[in-house]
Number of protein chains: 2
Amino acid sequence: MSTLASLGGDLSRLRHLNSLAVIRALRGAEPLTLTAVAEQTGLSRPSTKDVVDQLVALGWVVEVPPSAGGLGRPARRYRFRADGGHVAGVDIGVHTVRAAVADLDGNVLAETRQTVSRDTPVDDRLAATFRAVAGCLAAAGLGQDDLWSVSAGTTGVVDREGRVQISAGIRDWAGVDLTARLGELFSCTVHVENDARLAALAERERGAAQGVNDAVFLHAGRRTGAALIIGGAVHRGFGGAAGEVGLLPVTHWATAADYLHDCPVVPADVPKGDAARHTFDAAREGHPVAVAAVERYADDLALGTSAMVMTLDPELVVLGGGFSRAADVLLPLLRTRLEEVCLRMPELRGSALGEECVALGAVGRAVAHLDQEFFGTGPGSIAPPR
Amino acid sequence: MSTLASLGGDLSRLRHLNSLAVIRALRGAEPLTLTAVAEQTGLSRPSTKDVVDQLVALGWVVEVPPSAGGLGRPARRYRFRADGGHVAGVDIGVHTVRAAVADLDGNVLAETRQTVSRDTPVDDRLAATFRAVAGCLAAAGLGQDDLWSVSAGTTGVVDREGRVQISAGIRDWAGVDLTARLGELFSCTVHVENDARLAALAERERGAAQGVNDAVFLHAGRRTGAALIIGGAVHRGFGGAAGEVGLLPVTHWATAADYLHDCPVVPADVPKGDAARHTFDAAREGHPVAVAAVERYADDLALGTSAMVMTLDPELVVLGGGFSRAADVLLPLLRTRLEEVCLRMPELRGSALGEECVALGAVGRAVAHLDQEFFGTGPGSIAPPR
DNA sequence: GGATTTTACGAAGGAGCCCTCTGTAAAGAT
DNA sequence: ATCTTTACAGAGGGCTCCTTCGTAAAATCC
């Protein structure tokens with residue numbers, strides 16, 4: 001039984017667990033002294049030294065110069081080598097492909113974008129994805145070999161193996177085995193996920209949903225979608241379709257954004273990407289036609305949201321996506337409509353992240369995969385970095 | 001940091017983890033030989049003996065006579081002392097209070113019921129609860145002191161602390177601090193949960209949802225409700241209202257069962273508890289009025305269900321509650337309606353358990369609480385049973 | 001019925017990991 | 001220059017696990 005063997009074991013198992021505890025103490029924090037690590041892990045100082053020395057020998061931890069100014073003998077300081085490896089997060093959208101490269105702590109080093117269109121052929125879209133990542137690597141002074149893991153997010157229903165099952169926005173996208181196709185482009189492991197779910201992950205890790213265990217994330221933009229955070233983790237659903245209430249005809253999510261795009265207040269020469277902004281601006285100034293359009297949009301958004309809220313009773317609903325810049329207009333409307341039907345009204349917040357949130361979530365997912373691989377709680381010992 | 005300290009630690013920590021592994025190997029299984037335990041845990045035979053001896057000394061494990069008939073020297077056999085302690089699970093319903101008493105492995109030793117009504121005063125209902133448990137204890141030859149934990153399920157929204165927030169069915173039930181009130185009656189720890197969630201837990205542990213990680217449980221009976229299993233665990237929601245889509249007016253769940261109760265095919269002198277059965281029977285024989293009633297009921301049930309299914313994309317939907325005896329009639333109707341709207345149709349099954357499922361789930365919850373207390377993975381050592 | 005085979009028990013010896021304790025080293029404070 | 005504070009480094013010891021070996025108790029074979 002793997003579940004039994006992963007519990008106890010050898011004496012080396014204890015060292016393994018203590019090594020993980022030390023790494024967790026060192027991750028993402030300022031460089032720590034041995035005493036500080038010992039306090040956090042509960043280990044004795046000599047044992048801490050032993051473990052840290054071993055991690056230094058493996059290459060996961062490096063010593064940094066001691067900090068001056070303190071009382072007593074200066075303590076040696078150590079930090080996790082987050083720059084020992086890197087990950088890429090990609091957002092393969094309808095009109096834009098965004099990429100971000102980060103270190104093992106998720107610190108973003110570079111971001112780039114490539115412009116595409118809904119009719120860009122599959123091969124070209126994949127090539128643009130590769131260029132976006134390559135641009136990040138160049139900007140960060142890294143090579144392909146420094147990349148240990150790549151995560152990608154895209155619109156549509158993505159199954160467990162990373163195949164696009166359904167895609168509302170991108171031409172010829174359904175049926176593409178993204179994990180395989182991207183795997184040909186990159187020499188490291190590749191994972192693929194629905195974009196809204198990665199955006200939700202980003203909000204949970206570094207956005208509006210930090211520390212929240214149960215949240216609904218709304219992607220309100222030219223497309224309308226949703227994702228769920230349950231028990232602190234992103235929920236996929238059995239077929240990867242969790243949160244896709246927008247595909248139910250009764251929610252009208254497929255056409256909800258048209259109220260904003262096709263509003264008469266939008267000048268005729270405005271490109272579709274900017275249309276909604278005009279409507280929101282006009283609504284802010286009280287233009288009745290624009291206000292009505294925004295209200296009808298909020299009606300549609302609230303209907304699908306209420307189904308998720310009633311199902312899950314979340315702590316928080318995050319309004320994300322491009323329209324989250326109009327949260328000042330949308331949130332009050334959404335709140336009113338939800339309060340009418342909700343048993344217990346969840347908190348309602350606008351997104352704290354910008355347009356890169358899917359790429360950021362992809363970075364987080366890639367880091368999580370590496371964490372599992374190198375620092376998982378399972379049996380085995382800690383391997384040296386490549 | 002508790003999360004760090006719970007990872008590694010002392011040498012005693014290793015022994016603790018290995019003890020847990022041994023206990024898990026012994027739990028719920030036939031008595032095992034030392035060699036068998038060693039194989040399952042991955043420990044060496046001498047270490048296994050050491051750990052088992054220690055557990056025997058503590059009182060958690062007992063030796064049983066060796067089995068005859070094998071080749072070679074007969075091996076000593078050991079088993080977990082599931083009968084060292086006991087739990088009670090209670091279902092405090094509108095018309096009936098059911099109780100079950102089980103050992104630490106969840107094996108039910110006795111079941112009883114008490115009849116109440118929707119207007120039974122709170123104190124009397126609590127007294128009936130106590131009588132139901134006392135009856136179980138007597139039937140199993142146990143005393144109050146043998147009870148280590150009690151879990152109760154009841155209708156309505158129950159908050160994290162075990163207070164009834166909203167109750168549709170039971171008079172004066174809202175506002176009752178059930179954990180505190182039951183705590184006065186029993187000398188052990190008491191936990192309270194929504195009844196549908198406990199029924200779902202029972203289906204997951206020993207019913208139709210075994211091994212399923214994401215499922216929706218429908219309670220279809222005189223009351224209509226639902227509960228969710230997400231990631232293998234029952235989902236509460238932030239305010240304990242997860243799955244209460246039935247409280248949304250648009251679902252019509254509050255009145256859905258009336259189609260069945262008030263159907264003209266039901267003879268006038270039939271008590272309300274049996275009315276639905278007549279309607280289902282008539283529908284089976286093709287009586288048009290009854291068929292129409294069942295179809296309207298299925299319509300309402302499907303609407304709320306579709307919201308949950310679209311939100312969660314579960315692997316399975318379980319039809320439980322009193323009407324699950326009419327699963328042969330209801331499931332096809334429900335399937336047709338869900339297939340119309342569902343992106344990916346989940347599997348659909350009738351409940352595998354009877355009317356005791358809430359009490360069974362409560363037993364499971366009580367056992368889980370004790371497991372956490374005695375055999376949790378957290379720091380500390382294994383304490384002797386009381 | 002005795003020898004053989006099979007399986008399990010029990011004790012001894014050894015290695016790894018962590019702890020406590022003690023003395024030494026390096027900085028600022030007096 | 002000395003004292004105080006903080007950290008480093010090593011020694012010694014205890015606990016837990018592993019491997020190895022000889023012994024014990026059953027069924028099987030001749």
Side-chain angles (χ1 to χ4, degrees), chain A residues 4-23 25 31-58 61 63-78 379-382, chain B residues 4-23 25 31-58 61 63-78 379-382:
Chain A
L4 283 182
S6 71
L7 206 51
D10 208 334
L11 285 172
S12 64
R13 169 79 177 152
L14 191 58
R15 168 57 64 98
H16 182 215
L17 293 174
N18 281 328
S19 299
L20 292 181
V22 166
I23 283 175
L32 294 180
T33 68
L34 282 182
T35 314
V37 175
E39 275 175 10
Q40 280 199 38
T41 57
L43 290 175
S44 71
R45 240 198 68 94
S47 299
T48 307
K49 170 133 175 46
D50 223 34
V51 172
V52 169
D53 282 350
Q54 200 170 311
L55 290 172
V56 169
L58 281 172
V61 168
E63 188 173 350
V64 298
S67 66
L71 196 64
R73 174 174 176 169
R76 302 168 73 170
R77 293 189 307 161
Y78 300 85
S381 59
I382 293 181
Chain B
L4 283 182
S6 71
L7 204 51
D10 208 333
L11 281 172
S12 65
R13 169 80 178 151
L14 190 58
R15 169 56 65 97
H16 181 216
L17 291 174
N18 282 327
S19 300
L20 293 181
V22 166
I23 284 176
L32 294 180
T33 68
L34 283 183
T35 313
V37 174
E39 274 174 10
Q40 280 198 40
T41 56
L43 289 175
S44 72
R45 237 198 68 95
S47 300
T48 308
K49 167 122 172 58
D50 221 35
V51 172
V52 169
D53 281 351
Q54 201 170 311
L55 290 172
V56 169
L58 280 173
V61 169
E63 187 173 351
V64 299
S67 66
L71 196 62
R73 174 173 176 171
R76 303 169 71 171
R77 294 189 309 161
Y78 300 86
S381 59
I382 294 182

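Each chain gets a letter, A, B and so on, in the order the sequences are listed, and its residues count up from 1.
Remark: A:Leu11 engages B:Leu11, B:Leu14 in a side-chain contact (heavy atoms from CB on, under 4.5 Å) (not counting sequence neighbours). In this structure, the side-chain contact (heavy atoms from CB on, under 4.5 Å) partners of A:Thr35, at least two apart in sequence or on a different chain, are A:Thr33, A:Glu39, A:Arg45. Scanning for side-chain contact (heavy atoms from CB on, under 4.5 Å) contacts around A:Ser44 gives A:Pro46, A:Ser47, with sequence neighbours left out. In this structure, the side-chain contact (heavy atoms from CB on, under 4.5 Å) partners of B:Pro31, at least two apart in sequence or on a different chain, are B:Val64, B:Arg77, B:Arg79. Judged as a side chain to side chain donor-acceptor pair (under 3.5 Å), and not counting sequence neighbours, the contacts of B:Arg15 are B:Asp50, B:Gln54. With sequence neighbours excluded, the residues that form a salt bridge (charged side-chain N to carboxylate O under 4.0 Å, His left out) with A:Arg76 are A:Glu63.
Atom CD1 of A:Ile382 is separated from atom P of C:dC17 by 13 Å (rounded to the nearest Å). Look at CG on A:Leu17: it is 15 Å from C1' on C:dG16, rounded to the nearest Å. In this structure, the CG atom of A:Asp53 is 11 Å from the C1' atom of D:dA9, given to the nearest Å. Separating the NZ atom of A:Lys49 from the C1' atom of C:dC19 is a distance of 17 Å, rounded to the nearest angstrom. If you measure from atom CZ of B:Arg13 to atom P of C:dG16, you get 23 Å, rounded to the nearest angstrom. When the C1' atom of C:dT7 is taken as reference, atom CZ of B:Arg73 falls 9 Å away, rounded to whole Å.
In this structure the side chain of B:Tyr78 never reaches within 4.5 angstrom of the side chain of B:Val37, judged on heavy atoms.
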Under 3.5 Å between N/O atoms: give me all the protein pairs with nucleotides 28-30 of chain D, atom names plus distance.
none

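For A:Arg76 and C:dA27, the shortest distance from a side-chain N or O to OP1 or OP2 is not below 4.0 Å.
In this structure, CG on A:Leu7 lies 10.0 Å from CG on B:Leu43, to the nearest 0.5 angstrom.
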Practice task
Summarise protein proximity over nucleotides 11-20 of chain D in one line of letters, 5' to 3': B for base, S for sugar-phosphate only, - for none, counting protein heavy atoms closer than 4.0 Å.
Solution key: ---BBBSSB-

